[in-house]
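Since the structure is predicted, the reported quantities are computational estimates derived from the model, not experimental observations. Letters A, B, ... are given to chains in the order of the sequence lines, protein chains preceding strands, and every chain is numbered from 1.
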Amino acid sequence: MKYWLMKNEVEDYSIDDLKRDKKTLWTGVRNYQARNFMRDEMQPGDLAIFYHSNAEPSGAAGIMKIRGKSLADPTQFEKTSDYYDEKASHEKPRWFLREVEFVRKLKRLVSIQEMREIPACRDMLTLQKGSRLSITPLKKGEWDAILKASEKNPRG
DNA sequence: GCCAACGTTGGC
DNA sequence: GCCAACGTTGGC
C-alpha cells in the first residue's frame with residue numbers, strides 16, 4: 001500500500017466538504033506528473049493526506065482513501081468548466097482522476113511550518129523550495145511522522 | 001528542438 | 001497582493 005499527499009485549495013474544497021460528501025472525484029488536476037500518479041501509480045486502498053493549500057495556515061488536514069481504478073476526469077469534457085480541455089476527447093481522454101473517500105480529520109491541522117521542523121519530513125517533495133506538484137507520494141516515515149504530530153499538542 | 005514569453009501555483 | 005519557481009506554449 002502506498003501513501004500520498006494531495007493538495008487542494010481550501011476555499012475550493014476542504015476536508016470538511018469531503019467529510020460532508022463522504023467521497024468525491026478528485027477533479028481538476030492538470031499537471032502531467034500528478035496525472036500519472038493518479039492514473040498509473042495509485043491503487044485502491046492507498047491512503048492520502050488531504051492537504052489544504054492557500055489556507056491560514058496551509059497544512060495536513062485529514063486522511064482519505066483511494067477508491068477504485070482511474071477514471072477520465074469528466075470536467076475535461078465540460079465546455080463551461082474551468083478545467084475544460086479542447087484537446088481531450090472521450091475516445092482519448094487526457095486527464096485522469098481517482099475517487100477518494102473520507103476517512104477522518106486529523107485531530108488538529110499540521111501546518112507546513114510544523115512539517116518543516118519534523119526531521120523525518122526533511123525530504124518531503126511538498127516542502128521543497130518551488131515545489132508545486134499537487135499530488136506527491138509520501139514515504140511511510142513521513143506519513144507516520146505527520147500523523148504522530150497531529151496527535152501532539154502544538155508546540156509540544 | 002531551443003528558449004523566451006507567458007500563465008499558474010502557492011507560501012508568505 | 002507579491003513574487004519566485006515552475007510548466008506550457010509557440011515562433012523560429
Side-chain angles (χ1 to χ4, degrees), chain A residues 2-19 21 24-42 46-64 66 70-100 102 105-139 141-150 152-156:
Chain A
K2 294 187 177 132
Y3 298 97
W4 303 94
L5 182 147
M6 300 169 75
K7 290 184 198 174
N8 205 63
E9 293 191 30
V10 71
E11 276 188 38
D12 173 51
Y13 195 86
S14 75
I15 189 70
D16 290 318
D17 295 315
L18 181 60
K19 183 177 182 181
D21 297 342
T24 195
L25 297 177
W26 203 260
T27 54
V29 171
R30 295 293 180 270
N31 169 283
Y32 288 103
Q33 216 180 331
R35 176 205 67 179
N36 292 347
F37 283 140
M38 284 205 287
R39 188 186 60 184
D40 307 330
E41 308 271 330
M42 285 181 178
D46 284 359
L47 294 174
I49 297 271
F50 191 133
Y51 178 98
H52 287 170
S53 64
N54 285 317
E56 294 178 9
S58 295
I63 299 175
M64 54 195 179
I66 307 302
S70 70
L71 306 165
D73 182 341
T75 63
Q76 70 193 303
F77 310 124
E78 294 167 8
K79 286 206 166 135
T80 56
S81 168
D82 285 348
Y83 302 117
Y84 176 66
D85 184 342
E86 59 178 10
K87 292 178 183 158
S89 65
H90 283 88
E91 296 71 35
K92 227 179 169 187
R94 178 181 286 200
W95 305 110
F96 291 84
L97 52 66
R98 297 277 173 157
E99 190 175 43
V100 295
F102 178 79
K105 285 179 76 166
L106 296 184
K107 209 154 141 190
R108 64 180 185 83
L109 185 129
V110 180
S111 71
I112 184 167
Q113 301 95 307
E114 208 180 331
M115 284 190 241
R116 290 190 200 287
E117 292 171 9
I118 301 174
C121 294
R122 179 169 307 162
D123 296 329
M124 258 177 67
L125 294 171
T126 299
L127 304 184
Q128 304 311 306
K129 184 172 181 171
S131 167
R132 295 176 359 191
L133 195 55
S134 67
I135 298 182
T136 52
L138 284 181
K139 299 192 186 81
E142 295 163 347
W143 174 273
D144 289 344
I146 293 168
L147 264 57
K148 188 175 163 194
S150 74
K152 289 196 308 189
N153 294 323
R155 312 265 69 88

Residues A:Arg108 and A:Glu114 bridged, charged N to O under 4.0 Å: yes

Residues within residues 126-139 of chain A bordering DNA chain C, heavy-atom distance below 4.0 Å: A:Lys129, A:Gly130, A:Arg132

Side chain to side chain, A:Asp73 and A:Leu25, heavy atoms closer than 4.5 Å: no

Interatomic spacing from CD1 in A:Ile63 to OH in A:Tyr3 - rounded to 0.5 Å: 9.5 Å

Partner set under ring-ring contact (aromatic ring centres under 6.0 Å, His included) for A:Tyr13, not counting sequence neighbours: none

Any pair counted as side chain to side chain donor-acceptor pair (under 3.5 Å), so long as it reaches residues 127-136 of chain A, sequence neighbours left out: A:Thr126-A:Thr136

Summary of salt bridge (charged side-chain N to carboxylate O under 4.0 Å, His left out) pairs that have at least one residue in residues 47-63 of chain A, sequence neighbours excluded: none

Sugar-phosphate only, base, or nothing, as touched by A:Arg30 at under 4.0 Å among non-hydrogen atoms: nothing

ring-ring contact (aromatic ring centres under 6.0 Å, His included) partners of A:Phe37, counting only residues at least two apart: A:Trp4

Outermost nucleotides of DNA chain C that come under 4.0 Å of a non-hydrogen atom of chain A: C:dA5 to C:dT8

Nearest-nucleotide comparison on DNA chain C, the residue closer to the 5′ end among A:Arg94 and A:Asn54: A:Asn54

A:Ile112 and A:Tyr51, any side-chain heavy atoms less than 4.5 Å apart: yes

